[in-house]
Protein chains: 2
Amino acid sequence: MPDNLFPRPEHDHGSCIEHAIGRAHEICAEKSVRLTALRESVLRVLLSSHKALGAYEIIERLQTDGRRLAPISVYRIIDVLLSAGLAHRLESKNAFFACLSEHDSANSMLVLVCDGCYRVAEAEAPDAWGAIKSVTQSSGFAVTETILEIQGTCADCRKTTRPAA
Amino acid sequence: MPDNLFPRPEHDHGSCIEHAIGRAHEICAEKSVRLTALRESVLRVLLSSHKALGAYEIIERLQTDGRRLAPISVYRIIDVLLSAGLAHRLESKNAFFACLSEHDSANSMLVLVCDGCYRVAEAEAPDAWGAIKSVTQSSGFAVTETILEIQGTCADCRKTTRPAA
DNA sequence: AGATGTCTGTAACAATATTGCATTATTCTG
DNA sequence: CAGAATAATGCAATATTGTTACAGACATCT
Ligand SMILES: [Zn+2]
Ligand SMILES: [Zn+2]
Ligand SMILES: [Zn+2]
Ligand SMILES: [Zn+2]
């Protein structure tokens, strides 16, 4: 069995986060998007676990002292992160997760969502996309966006019975 | 170019509906699900167009005289239709549509959603599912559900400029 | 400093979905 | 058929997710 697409529970998650933040700054520089302190802090909340979080869950985790960000603020920041490709929306859960892969355009990717540990992972799936393309093309359907989300149980959760971190 | 997966705008939609209702009664009989008058009327609302409708949109279209169904009632009925396989949820739109295909288990199907006319169509995509399976299996991920929704423009809408019915 | 554009704050609200409990309809049993 | 059990629907309140409109703060560029 090849490698697990989900990070090992014992991986160095700190460097996982810092690497992603570094990449995010690079990407934003390239795209002339400003990664403000607030935007970075939202991205860090998404990066803090490998899970997808709802907008209001982000708000809760973000509140320092008594100050809560307004929903609209979070949604605006999420929009920026989404269009910069730093995060993606998990349609089946109305939630959002940080992108850790190095893909441009979501094309050719699929998303795995574990029901046990709630973690999310992206994977390359060029063959699946090829097959989809042949269905759409043969029926004259012009694709603008494809949503490919798969729910199930990750290898870690299957092994340990108890959910992984 | 093979056939369009969406029904032709000039198709006999009346018999389209009645055929689906007939099938629904058969399926419910097989599965010992009661297709009550209310449930059938919700299914008819979904069948009235080839579009996906939100729960509250169903409520509006369903109201006779001044009586509106409560949200909970519609959601309960939707749940029954979903588990009987008579309708499906369109995750990317928080909406629901009637199933017109003859598939058991949503496996091997994908959903096309037209941004022009808002119609929805299901298509067989065994190759795509095969490719997905090989990705998940090789990473030890046990799939329970796959969501495969494709947005774009249907052949009718591309031809006519104006959206089809 | 002043003008411009982007970012964030505040308040209200809209849209989607669920919880808990009461009532009615249907089916089952005797 | 009566009565009990189960399933379906009604009703009220509430939770969750997402948006509109407008004002103030901050950065950037003359
Ligand atoms: Zn990590
Ligand atoms: Zn897991
Ligand atoms: Zn039709
Ligand atoms: Zn169309």
Side-chain angles (χ1 to χ4, degrees), chain A residues 24-25 28-29 31-46 51-84 86-97 113 118 147 149, chain B residues 24-25 28-29 31-46 51-84 86-97 113 118 147 149:
Chain A
H25 280 283
C28 286
K31 300 189 179 177
S32 303
V33 170
R34 268 175 289 192
L35 189 53
T36 65
L38 195 53
R39 287 170 183 174
E40 182 177 327
S41 68
V42 169
L43 182 56
R44 281 183 182 277
V45 168
L46 288 180
K51 303 175 187 176
L53 301 178
Y56 286 77
E57 214 169 340
I58 294 171
I59 292 173
E60 275 167 33
R61 300 200 185 195
L62 204 59
Q63 68 183 320
T64 43
D65 56 87
R67 294 194 61 69
R68 281 173 82 86
L69 216 49
I72 182 62
S73 297
V74 172
Y75 279 105
R76 279 189 295 221
I77 289 169
I78 288 170
D79 282 345
V80 171
L81 298 179
L82 293 182
S83 38
L86 301 177
H88 305 300
R89 182 184 165 87
L90 190 62
E91 299 289 347
S92 54
K93 297 268 198 289
N94 295 336
F96 309 90
F97 63 97
V113 189
Y118 306 109
I147 291 148
E149 298 175 359
Chain B
H25 280 284
C28 286
K31 300 189 178 178
S32 302
V33 170
R34 269 175 287 192
L35 190 53
T36 64
L38 196 53
R39 288 169 182 173
E40 182 177 327
S41 69
V42 168
L43 181 57
R44 280 183 183 277
V45 168
L46 289 180
K51 302 175 187 176
L53 302 178
Y56 287 76
E57 215 169 341
I58 294 172
I59 292 173
E60 275 166 33
R61 300 200 185 194
L62 204 60
Q63 67 183 320
T64 43
D65 56 86
R67 294 194 62 70
R68 281 173 81 85
L69 218 49
I72 182 63
S73 297
V74 172
Y75 280 105
R76 278 190 295 222
I77 289 169
I78 288 170
D79 281 344
V80 172
L81 298 179
L82 294 182
S83 38
L86 301 177
H88 304 301
R89 182 182 165 88
L90 190 62
E91 299 289 348
S92 54
K93 297 267 197 290
N94 295 336
F96 308 90
F97 63 97
V113 189
Y118 307 109
I147 291 147
E149 299 176 0

Side chains of residues 69-76 of chain A: which donor-acceptor pairs under 3.5 Å do they make with residues two or more places apart or in other chains?
none

Roughly how many Å is it from [atom1] in [X] to [atom2] in [N], rounded to a whole number?
| X | N | atom1 | atom2 | result |
| --- | --- | --- | --- | --- |
| A:I58 | D:dT16 | CD1 | P | 16 Å |
| B:L90 | C:dT16 | CG | C1' | 14 Å |
| A:D79 | D:dT20 | CG | P | 11 Å |
| B:L35 | D:dA8 | CG | C1' | 13 Å |
| B:I59 | D:dC11 | CD1 | P | 13 Å |
| A:I78 | D:dT17 | CD1 | C1' | 11 Å |
| B:I77 | C:dA17 | CD1 | P | 16 Å |
| A:R39 | C:dT8 | CZ | C1' | 10 Å |

* Only counting residues at least two apart or in another chain, list the ones meeting ring-ring contact (aromatic ring centres under 6.0 Å, His included) with B:F97. =>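 Applying ring-ring contact (aromatic ring centres under 6.0 Å, His included) to B:F97 gives B:H88.
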
* Asked: What is the minimum heavy-atom distance between B:A84 and B:K31, and which atoms define it?
  ->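 Closest heavy-atom pair between B:A84 and B:K31: O-NZ, 3.0 Å.
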
* Side-chain (B:R89) to main-chain (B:L82) donor-acceptor, under 3.5 angstrom -> no

* Angle between terminal axes - the helix from C:dA1-D:dT30 to C:dG30-D:dC1, 5 pairs each end, rounded to 10° ->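 Taking the rotation axis at each end, their angle is 30°.
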
Grab the N/O contacts between the protein and nucleotides 24-30 of chain D below 3.5 Å, and write none if there aren't any.
none

* Asked: Hey, does the side chain of A:R89 come within less than 4.0 Å of D:dG18's phosphate (OP1/OP2), counting only N and O?
  ->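 Yes.
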
* **Under 4.0 angstrom between B:T36 side-chain N/O and C:dA25 OP1 or OP2** =>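 B:T36 to C:dA25 OP1/OP2: no side-chain N or O under 4.0 Å.
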
In Å and rounded to the nearest 0.5 Å, what is the [atom1] to [atom2] distance from [X] to [Y]?
| X | Y | atom1 | atom2 | result |
| --- | --- | --- | --- | --- |
| B:L90 | B:K51 | CG | NZ | 14.0 Å |
| A:L81 | A:E40 | CG | CD | 10.5 Å |
| B:E60 | B:R68 | CD | CZ | 5.5 Å |
| A:L53 | A:L62 | CG | CG | 11.0 Å |

Give each protein N/O atom lying under 3.5 Å from an N/O atom of nucleotides 9-13 of chain C, with the pair distance.
| residue | atom | partner | partner atom | Å |
| --- | --- | --- | --- | --- |
| C:dG9 | N7 | A:R76 | NH2 | 2.7 |
| C:dG9 | O6 | A:R76 | NH1 | 2.9 |
| C:dG9 | O6 | A:R76 | NH2 | 3.3 |
| C:dT10 | OP2 | A:R67 | NH2 | 3.2 |

* Asked: Should B:I78 and B:I58 count as side-chain neighbours, where that means a heavy-atom distance under 4.5 Å?
  ->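 Of all side-chain heavy-atom pairs linking B:I58 with B:I78, at least one is under 4.5 Å.
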
* B:V80: which of B:L86, B:V33, B:T36 passes side chain to side chain contact (heavy atoms under 4.5 Å, CB included) -> B:V33

* To do: Please list, chain by chain and in numerical order, all residues satisfying salt bridge (Lys or Arg N to Asp or Glu O under 4.0 Å) with B:R61, sequence neighbours excluded.
  => B:E57

